[in-house]
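The structure appears right after this line, and notes come after that.
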Amino acid sequence: MPLAYSLPSDLSPATVTNTSSLLRIIALALISGAAIASRLFAVVNFESIIHEFDPWFNYRATKVLAEKGFYAFWNWFDHTAWYPLGRVVGGTIYPGLMATSGVIYNVLHALNLPVDIRNICVLLAPGFSALTAWSTYMFTKELKDESAGLLAAAFIGIAPGYISRSVAGSYDNEAIAIFLLMFTFYSWIKALKTGSAFFGTLTALFYFYMVAAWGGYAFITNMIPLHALTLILMGRFSSRLYVAYSSWYAIGTLASMQVPFVGFQPVRTSEHMAALGVFGLLQIVAFAELVRAHVSSRQFQSILFGSVIVIGVLGVLAFAGLTYKGWIAPWTGRFYSLWDTGYAKKYIPIIASVSEHQPTAWPSFFMDLQFLIFLFPAGVILCFRELRDEHVFVIIYAVVASYFAGVMVRLMLTLTPVVCVAAAVAFSSLLDTYIDPVEPEVSEVAVPVTGGDSSAASPATVDGAVSSKKAKKAAAAVADASSTGIASGIVAAIGGQSKSPKARGIFGLDTRFLIVVNALGMLLFFVLHCTYVTSSAYSSPSVVLASQNPDGSQHIIDDFREAYYWLRQNTPQDAVVMSWWDYGYQIAGMADRPTLVDNNTWNNTHIATVGKAMSSPEEVAYPILRKHDVDYVLIIFGGLIGYSGDDINKFLWMVRIAQGVWPDEIQEPNYFTPKGEYRIDDAASPTMKNSLMYKMSYYRFAELFGGSQAVDRVRGQQVPKTGPTLDYLDEAFTSENWIVRIYQVKKEDLLGRDLKTANAFANGKKRKKSKPLARRKALA
Amino acid sequence: MRFLRTLLFPLVALTSLALARSSTGDTVLVLLEPSLKKENFSIFFGDLEKKGYKLTFRSPKDTTPEIIKDDVAQFAHVVVFAPETKTFAGDITPQTLVSLLSKKTNLLLALSPKQTPLSSLAAEFTLILPPPGTPLISHFPKRDTPATVVPVEPPRAHHIISDGLAPVWFSGVPQALGNSPMLVPLLQAPPQAFASDADSDSGADALVEAAEKSGEGLWAGSSLSLVTGFQALSNARATWVGGIEIFSDEYINKEISKGVKSGNRQFVKDVAAWTFQEANVLRIDTVEHHRVNETLPRETYTINNQVTYTAYISQYDPELDLWEPYSGINDLQLEFTMLDPHIRTSLPPVAGEPGKYSVSFRVPDRHGVFKFNVDYKRKGWSYLSSTTVVPIVPPRHDEYPRFLSAAWPYYAGAFSTSAAFLLFVALWLAGDEREPKKGKGSKAE
Amino acid sequence: MLLLLPLLALLSIPFCLAAPSAESAHEQLVKLAAANNGLIKLDDNLYNLLTHPNRNWSASIHLTALDPRRRCAPCKEFDPSFTAVAKAWSQVPKPQRDNHFFATADFDDTMATFQRLGLQSAPVVHIHLPVEGDRRPASGRTAPIVYDFSNGFDAGPLAEQLSVYTPVPIPYKAPIDWAKYGTAVGVGLIILSGIRVFLPILRSRWAWAAGTVITSLVMTSGFMFVRIRGMPQSGANGQWIAPGYQNQFGQEVQVVSFIYGLLSAAFLMLTLVTPYQTQPYRQRAQIYLWSGVILVMFSVLISLFRVKNRGYPFKLLL
């Protein structure tokens with residue numbers, strides 16, 4: 001058999017295996033290094049700081065855990081959040097993340113390594129990304145082989161789709177969740193392959209960890225049953241499946257119910273019913289199989305089959321009935337909005353208002369996955385080619401995840417692993433084909449070719465004496481096979497593994513060279529792309545902003561921390577700060593002050609109250625503020641330097657949410673001009689101009705421009721020369737670039753006047769003489 | 001007889017009031033306009049000095065001594081006897097006078113029928129003055145003094161004005177009261193009195209047509225106030241007096257009727273005592289809260305705890321210049337508030353322990369940040385308010401009942417199942433060859 | 001305006017004075033409502049009647065411009081659902097029904113009203129609360145409440161939101177869409193009958209493979225974005241690439257998914273098919289061909305991406 005290039009032949013197989021495994025280890029180590037390193041841009045460019053919003057709460061909770069111990073954390077009642085309602089933290093969070101870093105913290109301190117808890121939190125995500133790479137390697141190894149595994153590990157290690165949620169400092173549940181996701185899937189597949197209860201249990205344990213770590217565990221809860229169900233429908237039920245699934249479901253469910261936040265949901269809510277149903281179905285099918293194995297009468301089996309189906313249907317009906325009766329809670333809004341995509345906007349505006357819940361346009365797919373995104377279908381096809389149980393899993397995963405990723409930007413996260421796996425399978429099988437030195441011998445008689453296409457019809461013709469007549473016809477066939485060649489090839493390819501290997505292969509060295517160079521080029525491009533995207537798009541901790549000076553140097557905009565530290569330094573410990581809920585966690589984390597609402601949006605009414613206060617005129621808002629003991633109001637205003645994510649742009653959401661609760665006091669149309677535009681200049685609607693938010697945003701803004709026309713850089717509109725006046729609030733602080741503005745709520749007037757008149761008096765306005773009040777009632 | 005009284009009176013005053021002083025300080029600034037002679041008010045000022053006040057005199061025009069230096073009030077009390085002054089020195093404006101109140105300085109202001117900055121300031125205190133040049137007039141009772149000098153019956157059984165006073169000579173401008181709850185009328189006009197221009201009684205018909213409009217714009221009758229106290233939220237007190245003469249020696253010595261001296265002296269003394277926070281001054285010394293049958297407060301309470309709240313209140317005693325426990329309040333209330341009062345209960349004085357007010361109650365079954373609120377506002381008494389924030393938390397993980405008798409079926413189920421499993425395993429292992437084989441056979445494929 | 005009021009009155013309704021009492025206005029309105037199953041057609045005069053200064057009834061007034069000359073597409077879209085809700089209201093028992101009226105004011109009949117209200121856009125729904133009687137709002141609000149169209153033009157949400165202001169909830173039921181159920185049943189039957197035919201398709205893995213791949217291709221090229229945001233097929237001035245990074249038109253879905261498909265097909269060809277080609281030169285040709293395809297399509301894709309995301313620094317070939 002000819003070789004395209006010669007291989008050293010004097011190597012003992014032992015040496016080969018050893019070196020390969022050594023190389024594999026080194027490669028994995030390097031991949032982990034790359035994964036971690038590429039996530040440190042944020043630290044290098046800015047500093048070791050917690051990013052964005054939710055992480056600030058996780059960080060705070062972790063500090064409590066590290067300082068006061070686990071039980072104190074478990075029973076932590078945070079009375080500074082959701083003032084004055086307070087928040088029972090222990091029962092309303094997924095403690096997995098905090099527990100993890102708490103454990104790490106304690107271990108390090110036990111080893112006398114006094115590492116600050118903040119650094120642990122900052123670097124947790126990169127660390128776990130390395131583990132993710134490893135578990136992806138294991139997963140893919142089960143699908144194909146080590147080389148594919150290494151490729152997959154490398155892909156997931158640097159794919160922006162995953163980096164976006166796991167850069168250093170984004171200390172969020174997703175940081176560890178993806179590792180858990182992949183490892184759970186790996187051990188599930190392992191359990192399915194080997195049918196070992198041990199791996200089933202391992203799956204259950206990691207499933208429990210996942211449940212404790214991320215609300216997205218419902219994805220696993222529905223993926224695995226879906227897989228099992230598909231296998232049953234494909235007639236692939238086996239005792240391996242039975243053992244794996246049963247052990248996973250029983251242990252996993254019991255374990256997951258130990259998380260307080262989950263509690264009895266696994267038996268009470270629809271998200272978990274699929275798992276339960278499939279569990280029941282498995283028992284029935286298993287029983288049927290058992291009976292079939294013993295009984296052999298034909299019609300009895302058909303009856304059995306029928307009864308299985310009937311029971312299954314009955315089970316479904318039972319679930320429906322229970323749901324209808326209210327024993328089983330229907331789908332929660334967040335999940336339901338994945339199916340009925342219009343649902344959220346209509347009924348839960350809070351969810352709809354979050355930017356990462358918006359649907360995904362194709363550029364962001366490409367941004368996050370670059371060339372993997374089109375290798376992905378190829379990989380899926382290859383999975384179809386050899387359709388073992390684990391491949392079925394990947395296929396289901398691919399379809400479901402790509403749908404979810406299309407509906408919600410943040411679910412791109414769950415798509416990324418499967419894309420990496422599938423792409424790796426495709427890519428490595430390409431390389432396998434073209435690096436393999438074996439060349440097929442050119443048969444001057446084109447029998448193999450005819451064999452190629454005729455074999456599909458009748459294998460008998462391949463071997464057996466061939467008459468010259470037949471040969472001639474074959475040659476003719478070859479002559480015009482240029483068109484049918486591809487077709488025959490496809491047929492052969494589909495025939496797949498049944499073909500004898502020596503018939504397939506690549507001729508010549510240049511072809512191999514071309515393909516390999518091409519492939520390497522794409523990989524290189526991918527690396528460049530990932531580095532660029534990570535450094536430019538995903539590494540800014542929205543707490544600190546960066547801008548370019550005219551001379552190209554970087555200019556740090558640090559208004560948020562400036563303002564939060566002002567609060568921390570200049571206000572009493574128990575001063576209540578009101579802001580829109582986006583900034584609740586940051587205020588609690590950095591300024592350490594009580595807040596009215598924060599990013600854990602569990603109480604719509606309370607948020608609506610804040611929305612109402614922001615969107616009503618001063619005199620209406622003032623009683624609300626007083627009732628909630630608000631001392632300071634904090635708003636974000638980007639109009640000066642063009643920071644688009646400011647409160648005026650979020651204002652309509654406040655109005656909408658408030659309108660949901662007080663439909664006849666707050667109405668969205670009133671905030672638009674008669675022409676239906678959203679304006680802040682002279683043409684703005686009076687309701688808009690009187691709203692507290694508008695007044696606070698543009699208070700004394702025009703003065704900043706001296707005599708010249710004041711312009712809002714975000715809206716690109718001209719601000720009225722005479723700005724709004726405030727009677728019930730005092731400007732307390734405005735940050736360097738005016739991004740953060742803090743107002744103090746005035747106390748009641750000394751003389752019991754309403755603050756408007758008190759203000760007028762303080763400004764030396766004469767009040768008109770009044771007459772004594774009528775003491776007697778008029779007779780009329 | 002009369003000689004005796006004149007002799008006795010100062011004596012009594014000396015003995016009883018020698019040590020008396022205000023609860024907030026004893027420095028007094030008197031803004032006396034040049035047209036008024038200090039001597040004409042010698043009795044009033046003398047009584048103040050006897051009480052131990054240090055009087056500083058200054059004309060409203062000149063600039064020293066300044067009232068507020070570096071945003072700190074220099075005097076504990078300010079008396080503004082400048083009823084006719086149109087223009088004050090730069091540091092005395094209505095705004096600064098109000099800001100004095102926020103700095104806990106008490107004010108005693110005298111008005112006059114003339115239109116001055118003060119009369120516009122009065123509007124801020126919801127005092128409604130008649131148009132300029134219309135003093136109080138009353139033709140009853142028949143007397144030899146002009147109609148603008150009116151003898152007024154001081155209020156009876158009043159908690160500020162001492163009882164049994166002879167009528168008080170008053171001349172000046174009346175004030176109609178607005179609807180501010182902070183006003184404390186100290187001297188009401190007699191029913192027959194009304195505001196009108198002094199020389200010709202032409203105001204009368206104006207009165208009539210005003211009366212047509214259901215009393216709208218009617219400066220007449222006993223609803224008018226002549227001396228009005230005002231207690232600001234800062235507990236500082238301001239008293240508006242319709243006319244300066246009420247303080248003058250002339251009126252103090254003027255006889256109401258044969259041989260009956262006017263009550264002016266004691267009246268103005270009482271007014272000054274109230275204004276300078278000698279009388280009717282209360283404060284909350286401390287508040288404590290703790291669980292029933294514990295002594296120390298916790299920083300959080302669990303829902304449904306029994307909690308005791310205690311407040312210690314004392315009153316200022318001008319005689320001895322010290323605070324002593326005061327149990328005289330019977331309508332004190334405690335609110336336990338989160339957004340709305342979840343519990344509102346009376347906070348009664350504890351018998352036998354002067355100054356202690358205490359109540360115990362069950363914390364509502366609702367976690368959150370609650371506040372103990374005491375808010376006591378009564379006319380003429382200084383306001384009492386205290387707020388204590390305390391979080392109410394749900395029970396700890398180990399405070400729930402461990403063993404539920406209702407759960408018996410589940411316990412039984414769990415144990416029986418595990419027992420059965422053990423039994424099954426034992427039988428399986430102990431069983432002979434055939435069962436296992438068959439079992440395998442069934443498990444195959 | 002005031003001058004021609006009585007005139008209008010004369011030719012509009014026999015007995016309608018310039019400023020009639022609330023009672024007479026009320027019974028007149030009741031008649032009108034009954035006449036035109038629950039929906040009153042307004043002119044300026046009737047409008048003033050319906051929004052009577054001391055009315056003890058509430059009213060939902062639908063201001064629209066149905067005349068084709070006005071070219072108001074949303075008006076036409078919304079009109080039927082408002083009529084349906086009004087009709088549903090006319091089923092309510094009389095005592096409640098007469099306390100709330102539904103009325104339509106067309107621009108061409110009520111220009112003066114439109115001018116007075118300063119309305120530039122249609123359709124608008126005003127809800128006038130009662131000024132007197134026990135149903136008058138605690139806030140004493142007399143200004144009309146403007147219906148919020150954020151839930152679209154459907155009758156369901158309209159009835160739901162108006163029910164807040166009506167004495168009793170509007171008994172509106174969405175008409176049953178027989179066509180939908182019919183088609184569903186029909187399709188089901190066809191599948192059942194043709195089960196023999198479909199079974200091999202259901203059994204064949206490649207049918208499934210095609211389905212899977214097409215699904216994921218379409219999804220990953222932003223199909224859901226277009227569907228949820230209701231993006232148009234292509235831009236106004238014939239441009240088919242929406243500007244902006246987080247934005248796209250319907251046409252891009254097809255183009256992008258086609259490019260993706262072609263690229264992955266090329267890879268599959270290289271991996272699966274060419275190795276079976278047993279003629280060296282032909283195989284070589286295929287390999288070069290597919291590699292070329294990959295290179296070109298990839299660079300096309302990149303350039304497309306650069307259009308969307310201006311800052312992107314890299315480029316291939318073009």
Side-chain angles (χ1 to χ4, degrees), chain A residues 341 346 359-367 371 373-378 380-381 384 387 395 398-399 402-403 406-407 426 429-430 433 440 442-443 448-449 452 482 485-486 489-490 492-494 503-508 511 514-515 518 525 528-529 532 659 663-664 667-669 674-676, chain C residues 118-121 137 141 145-146 148 150-151 164 205-206 208-209 212-213 215-217 219-225 227-229 245-248 252-253 256 260-261 263-264 267-268 270-278 280 282-284 287-288 291 294-295 298 301 305 308-309 311 313-314:
Chain A
T341 47
K346 216 178 282 178
T360 319
W362 77 266
S364 41
F365 276 103
F366 188 80
M367 184 86 160
F371 82 118
I373 197 67
F374 58 77
L375 275 179
F376 165 56
V380 174
I381 292 285
F384 267 104
L387 200 56
I395 289 162
V399 176
S402 51
Y403 170 76
V407 175
S429 43
L430 177 76
T433 319
V442 190
S443 52
V449 182
S482 58
I486 293 174
I490 293 175
I494 293 173
R504 68 191 297 273
I506 304 299
F507 301 94
T511 50
L514 169 71
I515 292 297
N518 200 342
F525 187 13
L528 290 177
H529 171 89
Y532 162 74
Q659 181 180 16
D664 53 357
Q667 271 136 16
E668 190 177 348
K675 289 197 182 59
Chain C
L119 290 176
Q120 269 92 356
S121 64
R141 168 188 184 125
I145 295 168
V146 182
D148 173 12
S150 59
N151 296 349
V164 177
R205 66 172 66 168
W206 296 109
W208 285 98
T212 315
V213 168
T215 315
S216 48
L217 277 180
M219 290 300 166
T220 48
S221 42
F223 172 71
M224 288 315 285
F225 180 90
R227 187 145 163 285
I228 293 175
R229 291 290 178 79
Y245 172 62
Q246 264 304 344
N247 191 11
Q248 73 176 98
E252 293 178 58
V253 177
V256 171
Y260 286 168
L263 279 163
S264 49
F267 270 94
L268 284 174
L270 283 175
T271 325
L272 298 180
V273 178
T274 44
Y276 291 101
Q277 182 54 262
T278 49
R282 196 173 285 154
Q283 189 188 52
R284 180 166 287 110
I287 290 175
Y288 278 94
S291 309
I294 291 176
L295 201 59
F298 194 25
L301 185 58
F305 182 66
K308 306 288 287 190
N309 182 358
F314 308 114

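All chains are named by letter (A, B, ...) in the order of the sequence lines, taking the proteins before the strands, and each is independently numbered beginning at 1.
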For this session: Determine, step by step, whether A:I395 and C:W208 satisfy the side chain to side chain contact (heavy atoms under 4.5 Å, CB included) criterion, reporting the C-alpha distance in whole Å, the side-chain angles of both residues, the deciding distance to 0.1 Å, and the verdict.
Result: CA-CA 10 Å; A:I395 289 162; C:W208 285 98; over 6 Å; no

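- The aromatic rings of A:F371 and C:F298 sit tilted relative to each other, their planes meeting at an angle between 30° and 60°.
- Between the C:K308 side chain and the C:N247 main chain, a donor and an acceptor come within less than 3.5 Å of each other.
- The contact between C:L217 and chain A is made entirely by side chain atoms (from C-beta outward), counting heavy-atom distances below 4.5 Å.
- The residue among C:G311, C:S291, C:S221 with the most heavy atom pairs within less than 4.5 Å of chain A is C:S291.
- Take C:F305 and apply the ring-ring contact (aromatic ring centres under 6.0 Å, His included) test, not counting sequence neighbours, and it matches A:F366, C:Y312.
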Exercise. Run the side chain to side chain contact (heavy atoms under 4.5 Å, CB included) check on A:W362 and C:Y260 step by step: do they pass?
Worked result: CA-CA 11 Å; A:W362 77 266; C:Y260 286 168; 3.9 Å; yes

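- When every heavy atom of C:T220 is checked against every heavy atom of A:S402, the shortest pair comes out as CG2-CB, 4.3 Å.
- Taking chain A as the reference chain and counting heavy-atom pairs below 4.5 Å, the highest number among C:F225, C:F223, C:F267 is found for C:F225.
- Across A:V380, A:N518, A:V399, A:T360, the residue that shares the most heavy-atom pairs under 4.5 angstrom with chain C is A:T360.
- When C:S216, C:G222, C:A209 are compared by the number of non-hydrogen pairs under 4.5 Å with chain A, C:A209 comes out ahead.
- Note on C:N309, C:I294, C:T212: by heavy-atom pairs under 4.5 Å with chain A, the leading option is C:T212.
- Nearest approach of A:F384 to C:R205, heavy atoms of both residues: O-NH1, 3.0 Å.
- Proximity to chain C involves both the backbone and the side chain of A:L430, based on heavy atoms less than 4.5 angstrom apart.
- Only the side chain of A:I515 comes within contact range of chain C, judged by heavy atoms closer than 4.5 Å.
- At a 4.5 Å heavy-atom cutoff, the contact between A:S364 and chain C is made by backbone and side-chain atoms alike.
- By number of non-hydrogen pairs under 4.5 angstrom with chain A, the leading residue of C:L268, C:L295, C:V213 is C:L268.
- Residue C:T215 touches chain A through its side chain alone, counting heavy-atom pairs closer than 4.5 Å.
- The two residues C:T274 and C:Q283 have their closest heavy-atom pair at O-NE2, 3.0 Å.
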